[in-house]
Each structure stands twice: as C-alpha cells, then as structure tokens.
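Here's the structure we're looking at; comments come further down.
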Amino acid sequence: MKFNQYKYKFYLNANHSIIINGNMGEIHPHTWEISLDVIKVVDEFVMFSEVEKAVEETLEPYQDQYINEVNPFDSLNPTLENLTKYLGDQIGERLKKEGWLLIQIEVAETPSRIYIIDYLQDS
C-alpha cells in the first residue's frame with residue numbers, strides 16, 4: 001500500500017522524577033523530542049497547522065512543569081514508556097478527528113534514549 005507520510009518534531013521541556021523499586025528518584029529536567037509519523041486519511045489539501053495545534057495543545061499542560069504534579073502523571077509513574085504511550089493515545093485521538101492517522105510516535109528523553117510505538121503493527 002502506498003501513502004503519503006509526514007514527520008513532525010516537537011519539544012517538551014519539563015521536569016520529572018520516577019519511582020524505581022518503590023523509591024522516588026530525584027527531580028531532573030529533560031527536553032523530550034517527540035517525533036510523529038502521520039498520514040492524511042482524506043485526500044485533501046494538507047493543513048499542517050491542524051497537526052501542530054493538536055500536538056501543542058496536548059503538550060501545553062506539561063510544558064515547563066514538574067509533570068509528576070499534572071494529570072495523569074500525578075498517579076501514573078512518568079517513565080519514558082508511560083509518557084510515550086499517554087501522549088501517543090492523546091495525540092492520536094485528536095489527530096483522528098482532523099482526518100489524520102498517527103502511525104508512529106518516538107519520544108527521546110536523551111539523544112541516545114528513544115522509545116517508539118508503531119501503530120501500524122497493531123493493524
């Protein structure tokens with residue numbers, strides 16, 4: 001199957017601490033790099049701002065915050081994996097309403113530590 005794919009990159013600056021073996025770790029900062037691979041489901045003019053607005057509004061509550069104090073991470077351990085899954089679910093739902101399909105999300109907490117969810121594998 002052939003389709004046109006777009007890649008977007010966004011950045012989230014925030015602090016977090018994670019629970020490891022029942023102990024809360026130190027609060028530390030990250031600049032998370034969030035990469036999205038998306039396709040436009042409906043064959044029409046591409047409004048890049050639709051994707052940008054949906055993602056920026058999803059990230060806004062966490063920007064420059066201690067994310068452990070922001071829902072859902074006030075009760076969910078804000079690991080790289082949990083953050084990626086949550087953001088992917090939220091962004092994917094918002095994009096679907098605009099006629100986009102999220103096919104992959106990559107979240108990097110450092111340049112050498114990246115977690116990837118590939119939504120095409122679920123199909």
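Owing to the predicted nature of the structure, the values given are computational and were not obtained by experimental measurement.
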As an exercise, state the distance from CG of L59 to OH of Y11, rounded to the nearest 0.5 Å.
12.5 Å
Donor-acceptor pair, distance only, cut-off 3.5 Å: does the side chain of H16 make one with the backbone of I67?
no
Mind checking side chain to side chain contact (heavy atoms under 4.5 Å, CB included) for S75 and listing every partner two or more places apart, or none if nothing turns up?
none
Report yes if some heavy atom in the side chain of F10 is under 4.5 Å from a heavy atom in the side chain of L87; otherwise report no.
no
By the salt bridge (Lys or Arg N to Asp or Glu O under 4.0 Å) test, which pairs, at least two apart or in different chains, include something from residues 70-86?
K85-D89
Kindly indicate whether the side chain of L101, heavy atoms from C-beta on, has any atom under 4.5 Å from the side chain of Y119.
no
Rounded to the nearest 0.5 Å, the CD1 atom of I39 sits from the CD atom of Q5 at a distance of 7.5 Å
Taking everything shown except K97 itself, do over 12 heavy atoms lie less than 6.0 Å from its NZ?
no
Mind jotting down which residue pairs meet the salt bridge (Lys or Arg N to Asp or Glu O under 4.0 Å) criterion with at least one end in residues 19-33? Sequence neighbours excluded, please.
K9-E33
Would you say N82's side chain and N77's backbone share a donor-acceptor pair under 3.5 angstrom?
yes
Looking at N68 and S17, would you say the former's side chain and the latter's main chain have a donor-acceptor pair under 3.5 Å?
yes
Separation between NE2 (H30) and CG (N13), nearest 0.5 Å, reads 11.5 Å
By side chain to side chain contact (heavy atoms under 4.5 Å, CB included), which residues pair with P61, not counting sequence neighbours?
V70
Tell me whether V107 is reachable from I114 by hopping between hydrophobic residues (I, L, V, M, F, W, Y) whose side-chain heavy atoms are closer than 4.5 Å.
no
As a quick check of understanding, evaluate side chain to side chain contact (heavy atoms under 4.5 Å, CB included) for Q63 and L12, giving each step before the final call.
CA-CA 6 Å; Q63 198 65 258; L12 172 64; 3.9 Å; yes
N/O donor-acceptor pairs under 3.5 Å from side chains in residues 46-56, not counting sequence neighbours:
unit_1 : atom_1 : unit_2 : atom_2 : d
E50    : OE1    : K40    : NZ     : 3.2
E50    : OE1    : W100   : NE1    : 2.9

Once rounded to the nearest 0.5 Å, what's the spacing between atom CD1 of I105 and atom CD1 of I116?
11.0 Å
Begin with the C-alpha distance, continue with both residues' side-chain angles, and end with the deciding distance and a verdict on side chain to side chain contact (heavy atoms under 4.5 Å, CB included) for Y86 and Y62.
CA-CA 12 Å; Y86 178 77; Y62 308 100; 3.3 Å; yes
When L120, V38, I117 are each screened for side chain to side chain contact (heavy atoms under 4.5 Å, CB included) with L102, the one that passes is V38
Sorted by chain and residue number, the salt bridge (charged side-chain N to carboxylate O under 4.0 Å, His left out) partners of E93 (sequence neighbours excluded) come out as K96
How many angstroms lie between CD in E106 and CG in L36, if you round to the nearest 0.5 Å?
9.5 Å
Going only through I, L, V, M, F, W and Y residues with side-chain contacts under 4.5 Å, is there a path from L80 to Y66?
no
Straight-line distance of I18 CD1 to F73 CZ, nearest 0.5 Å:
12.5 Å
